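Below you'll find the structure, written out as structure tokens, and then a few comments.
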2 protein chains.
Amino acid sequence: MQCKQIGGLKHLSDLGLFVQRLLARSRLTEEEQHAIMALPTYEMEVRARQDFVPLGEETDYCCYIASGLVARVGQVKNGSRQTTALHIPGDMADLHSAVRPIGIGGLTALTDTLILRIPHAAVRTLGRDFPAIAEAFWRDCILDAAILMQWAVNLGRKDARSRLAHILCELAIRYGGGRGYPLLEFDLPMVQEQLGDAAALTSVHVNRSLKTLRQERLVTVRGGIVQIHDWQRLMQAGEFDPTYLVADTFPDRQKRLVFQ
Amino acid sequence: MQCKQIGGLKHLSDLGLFVQRLLARSRLTEEEQHAIMALPTYEMEVRARQDFVPLGEETDYCCYIASGLVARVGQVKNGSRQTTALHIPGDMADLHSAVRPIGIGGLTALTDTLILRIPHAAVRTLGRDFPAIAEAFWRDCILDAAILMQWAVNLGRKDARSRLAHILCELAIRYGGGRGYPLLEFDLPMVQEQLGDAAALTSVHVNRSLKTLRQERLVTVRGGIVQIHDWQRLMQAGEFDPTYLVADTFPDRQKRLVFQ
DNA sequence: CGAGCAATTGAGTCGCATCAAGCTAGGTGG
DNA sequence: CCACCTAGCTTGATGCGACTCAATTGCTCG
């Protein structure tokens with residue numbers, strides 16, 4: 001890899017995964033890639049079950065997930081929560097806040113998590129100086145919205161078993177690097193209560209539904225580890241079509257639409 | 001209003017509403033505003049219940065809604081549909097497709113609708129020549145995602161009556177111009193079956209729930225017309241907080257973050 | 001070894017889907 | 001002018017999926 005000089009190495013290990021994700025969907029020059037990795041970051045350790053971005057409050061920084069697992073949550077008066085997205089290491093969980101600092105849910109750590117905070121001001125400056133980076137960020141936000149749309153369909157129109165299967169499929173593809181191939185075994189440090197918040201189910205029903213999936217030999221979720229036994233049938237069970245996640249195999253011209 | 005010269009007037013009446021929406025959230029110069037209104041448009045008349053952007057297909061144009069009502073839908077194998085957004089006149093229903101041409105649902109006309117198609121190429125060129133316009137478009141996409149997040153919470157965590165109340169509240173605010181004040185009476189040319197697709201309910205249950213809301217004297221939905229009788233209590237019923245829709249009363253500097 | 005949290009299982013209840021009519025209003029043709 | 005048709009609205013009866021409450025088991029850790 002490039003950028004071996006002192007000082008660069010740290011940034012490379014920090015935001016390198018993020019840049020890789022961007023490159024799957026957008027074309028960026030070496031210079032642009034380095035500019036992103038040179039973003040100033042401020043470490044923040046968050047412990048499990050801690051809300052580190054409260055719902056409905058403005059922030060002045062974006063949260064990059066270096067390690068751990070984060071949920072974006074909305075809330076209802078009676079206290080129950082609805083998770084609307086799961087963010088894994090390499091995700092910029094609230095990139096959108098750089099352009100509109102309010103309106104999209106709070107962020108909760110599901111497990112001990114290392115966040116790198118990046119000031120909005122730095123993100124904006126980057127977008128101004130490198131229009132292609134602004135475009136890549138914009139496209140990243142669109143992908144997030146596409147995932148959210150599937151999430152809404154999932155909540156509205158499927159039964160408990162299908163909803164859980166869909167969530168597991170989505171994570172398998174995303175852990176697999178978003179190129180269309182699932183990772184068949186991965187950590188998922190969520191308790192069943194938290195899975196319930198994501199699937200709009202109670203923990204009791206999550207338990208029963210996971211049991212069903214296990215007995216069907218589709219997938220085992222136990223002790224924070226997901227083992228997918230039959231990817232094809234799991235996709236069927238979740239009515240999961242990875243197209244919306246991986247449709248970024250555009251011809252190159254489409255990865256850099258605005259700026260030639 | 002400006003731009004009275006021949007040829008300009010037509011465009012003003014076409015995309016003027018769209019520019020107004022953008023101005024509620026982003027700062028644009030006169031020149032930029034005119035550049036947007038000068039976008040080339042191609043009329044397309046769509047009749048009720050017609051899918052005019054099929055699910056999962058790439059397009060090379062954006063759809064501006066000049067009149068009518070449009071639903072963004074996702075689909076499930078068994079044939080049932082889930083509406084994930086409603087688009088009213090003045091909305092650019094799939095602005096995101098300019099940057100990522102696939103992945104977010106299909107578009108269906110709920111009533112006879114006049115669409116203005118705008119080639120992606122023109123949108124991209126505009127974004128390249130006027131970075132502030134690209135930023136405004138980006139911000140518009142974020143608002144769309146914020147609405148979608150609330151929609152997901154709505155589907156996941158509320159009962160039938162609350163879900164319908166929330167949808168009606170959202171529309172009242174948006175018809176009101178997005179400045180925080182609801183329009184208390186508006187057309188809603190949807191049949192109960194279509195409301196069911198939006199709220200993830202059967203038409204039978206939509207009917208019963210609307211009856212409840214009517215008997216509570218909160219709102220009457222009949223014959224394609226919505227009459228809100230008690231805005232405060234309707235918001236309570238839907239657990240609706242308009243902040244996420246109208247939190248664009250930023251200080252001016254925040255309406256034009258990237259480019260001074 | 002007990003405390004505490006999560007996973008698991010059972011029994012009872014409720015909200016919404018499903019199936020099935022009947023109703024209403026607008027449109028059409030004889 | 002009335003018989004008929006159709007789309008949408010309304011209401012009732014019944015069943016299922018998910019929630020709720022409650023108890024038990026297993027696991028981890030101090």
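Note that this is a predicted model, so its numbers are computed, not measured. First the proteins, then the strands, lettered A, B, ... as listed; each starts at 1.
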Looking only at side-chain atoms of B:Arg49, point me to the closest of C:dA17, D:dG8, C:dA6.
D:dG8
Answer yes or no: is there a side-chain heavy-atom contact under 4.5 Å between A:Leu210 and A:Gln192?
yes
Distance check needed: D:dC19 C1' versus A:Asp197 CG, whole Å only.
14 Å
Rounded to whole angstroms, how far apart are CG on B:Leu155 and C1' on C:dC16?
15 Å
Testing B:His166, B:His205, B:Glu216 for side chain to side chain donor-acceptor pair (under 3.5 Å) with B:Arg161, which one passes?
B:Glu216
When you check the side-chain N and O atoms of B:Thr83 and B:Asp197, is any donor under 3.5 Å from an acceptor?
no
Counting distance only, does the side-chain N/O of A:Lys158 pair as donor-acceptor with the main-chain N or O of A:Val153 below 3.5 Å?
no
Whole-Å gap separating P (D:dA18) and CD (A:Glu193):
17 Å
Taking atom P of C:dG15 as reference, at what distance in whole Å does atom CZ of B:Arg163 sit?
13 Å
Whole Å only: how far is the CG atom of B:Leu201 from the P atom of C:dT18?
11 Å
Within residues 202-211 of chain B, residues whose heavy atoms come under 4.0 Å of DNA chain D
B:Val204, B:Asn207, B:Arg208, B:Lys211
Show the numbers, then the answer: is there a side-chain contact (heavy atoms from CB on, under 4.5 Å) between A:Tyr244 and A:Met149?
CA-CA 10 Å; A:Tyr244 74 101; A:Met149 203 206 93; over 6 Å; no
Can you find a side chain N or O atom of B:Gln192 that sits less than 4.0 Å from OP1 or OP2 on D:dA7?
no
Does OP1 or OP2 of C:dT8 have a side-chain N or O of A:Arg222 closer than 4.0 Å?
yes
Tell me whether A:Glu45 at atom CD has more than 12 heavy atoms from other residues, nucleotides or ligands lying less than 6.0 Å away.
no
Rounded to the nearest angstrom, tell me the gap between atom CD in A:Gln215 and atom P in C:dT8.
11 Å
Cation over ring, A:Arg117 on A:Tyr61, under 6.0 Å and within 45°?
yes
Rounded to whole angstroms, how far apart are NZ on B:Lys158 and P on C:dC16?
14 Å
Quick one: A:Leu188 CG to C:dA7 P, roughly how many Å, whole number?
11 Å
Could you check whether B:Ala200 gets within reach of a base, just the sugar-phosphate, or nothing at all, counting any heavy atom under 4.0 Å?
sugar-phosphate
